[in-house]
Amino acid sequence: MGHISVIGSCNMDLTVEADRRPLAGETVMGKRLIVSPGGKGANQAVAAARLGEEVYMVGCVGRDAYGSLMLDALKKSGVKTDYVSVLDGVDTGTAHIILAEGDNSIIVLKGANDRVSPQVVDEAFDIIRTSDLVMLQHEIPMDTIGYIIDRCYEEKVPVMLNPAPYMDIPKEWIDKVTYITPNEHEAALMFQGMDRDEILKSHAGKVIMTVGSEGVLYGEGNEVVHVPGFHVPVVDTTGAGDTFNGAFAAGRAEGLSIRESIRFANAAAALSVGKIGAQGGMPWRNEVEEMLS
Ligand code: ADP
């Protein structure tokens, strides 16, 4: 069992299904409301914990109903929540999703996620320092991400950065982290002017590029390795990337090779696309082992 710290976002996803989205100034009747825990940080923590790792979530929620739901959801999947701060005077982060005509429109309110400061990190640093792997995404303040990357680099704690949602980042971050896990689109933005092979070969063993149902590409020496995805019927791809990240971290924290960790994570992510919801579809350990056997 590996020890992982995730420093990231906790959001409640509030999804309204409707036949079509309203025009400006218009009201339409919806079909149903789905309230589900999300946020890339919490999702990745849940994915790794369900696979049996000891996972600590470091983040912030508001002292409100959504904050309580979030903590319950994390605990149910086995995530340790001792370092999730419950803050007064700020709302739990929310994502307001309209699902209509086969497409999502989303407004995110960062809420308490914007309060994940270097001080919050310092308070959890004993647990962060002893991690086999620290996981980061782009849904907390960029200054805090930079602070964590610097401190972990100084202390030689491996960091995995999932650069999503995409934002330009300092090149120094790419140099200092152990793994960076963009999807194809994020990789193209991050390494402008380089083709896929150049990106992977010049960051061998560091850039783990997910390519949807095709699986994953990464560099090993001067070779590009393709680890194929699993063919499964697709119900909902929400959370596939988060499941992949949580499971890849789990594999590495347990001491699997990069290639074995990717295969393990491709299986976990494929299982997640067979079910609705981000966390709803995340598999437990026995399901992934069954798929790989
Ligand atoms: P993101 O969801 O972040 O955009 P990708 O679409 O690249 O990232 O998906 C991440 C991983 O999820 C892939 O590397 C693959 O393992 C898995 N995956 C995604 N879509 C599918 C699919 N349709 N079938 C099987 N596996 C999938």
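Note that ligands are numbered from 1 as they come in the structure, with each ligand's atoms numbered from 1 the same way. For the numbers below, each heavy atom of this structure counts, side chains included, while hydrogens, waters and symmetry mates do not. These numbers were taken from a predicted model, which means no experiment stands behind them.
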Sub-4.0 Å heavy-atom approach of Ala164 to ligand 1:
no
Tell me the protein heavy atom at minimum distance from [atom], and give that distance in Å.
| atom | answer |
| --- | --- |
| atom 19 (C) of ligand 1 | Gly212 C, 3.7 Å |
| atom 3 (O) of ligand 1 | Gly241 CA, 3.6 Å |
| atom 14 (O) of ligand 1 | Gly215 O, 2.9 Å |
| atom 22 (C) of ligand 1 | Ser213 CB, 3.5 Å |
| atom 16 (O) of ligand 1 | Asn266 OD1, 2.8 Å |

Examine the side chains of [X] and [Y] and answer whether a donor and an acceptor come within less than 3.5 Å of each other.
| X | Y | answer |
| --- | --- | --- |
| Tyr66 | Asn11 | no |
| Thr15 | Asp13 | no |
| Asn113 | Glu139 | no |
| Thr181 | Asn245 | yes |

State the atoms of ligand 1, each with its element, that fall below the 4.0 Å cut-off from a heavy-atom position in [X].
| X | result |
| --- | --- |
| Ala269 | 12 (O), 16 (O), 17 (C) |
| Val216 | 14 (O) |
| Phe230 | 24 (N), 25 (C) |
| Thr210 | 5 (P), 7 (O), 8 (O), 10 (C), 14 (O) |

Just do the side-chain hydrogen bond (donor to acceptor under 3.5 Å, both in side chains) check on Tyr179 and Asn162 with the steps written out, would you?
CA-CA 8 Å; Tyr179 305 109; Asn162 174 223; over 6 Å; no
Using the rule given for side chain to side chain contact (heavy atoms under 4.5 Å, CB included), can you reason through Tyr218 versus Glu220, listing the C-alpha separation, both sets of side-chain angles and the distance that settles it, and then say yes or no?
CA-CA 7 Å; Tyr218 74 103; Glu220 216 178 74; 2.6 Å; yes
Side chain, backbone, both or neither: [X] near ligand 1, heavy atoms under 4.0 Å:
| X | result |
| --- | --- |
| Asn183 | side chain |
| Val234 | side chain |
| Thr243 | neither |

Salt bridge or not for Glu223 and Lys201, using N-O below 4.0 Å?
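No, this pair does not count.
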Given ring pair (Phe, Tyr, Trp, His ring centres under 6.0 Å), test Phe248 with Phe264 step by step and report yes or no.
CA-CA 7 Å; Phe248 176 75; Phe264 182 69; over 10 Å; no
Salt bridge (charged side-chain N to carboxylate O under 4.0 Å, His left out) contacts touching residues 239-254 (sequence neighbours left out):
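Salt bridge (charged side-chain N to carboxylate O under 4.0 Å, His left out) check on residues 239-254 returns Glu254-Arg285.
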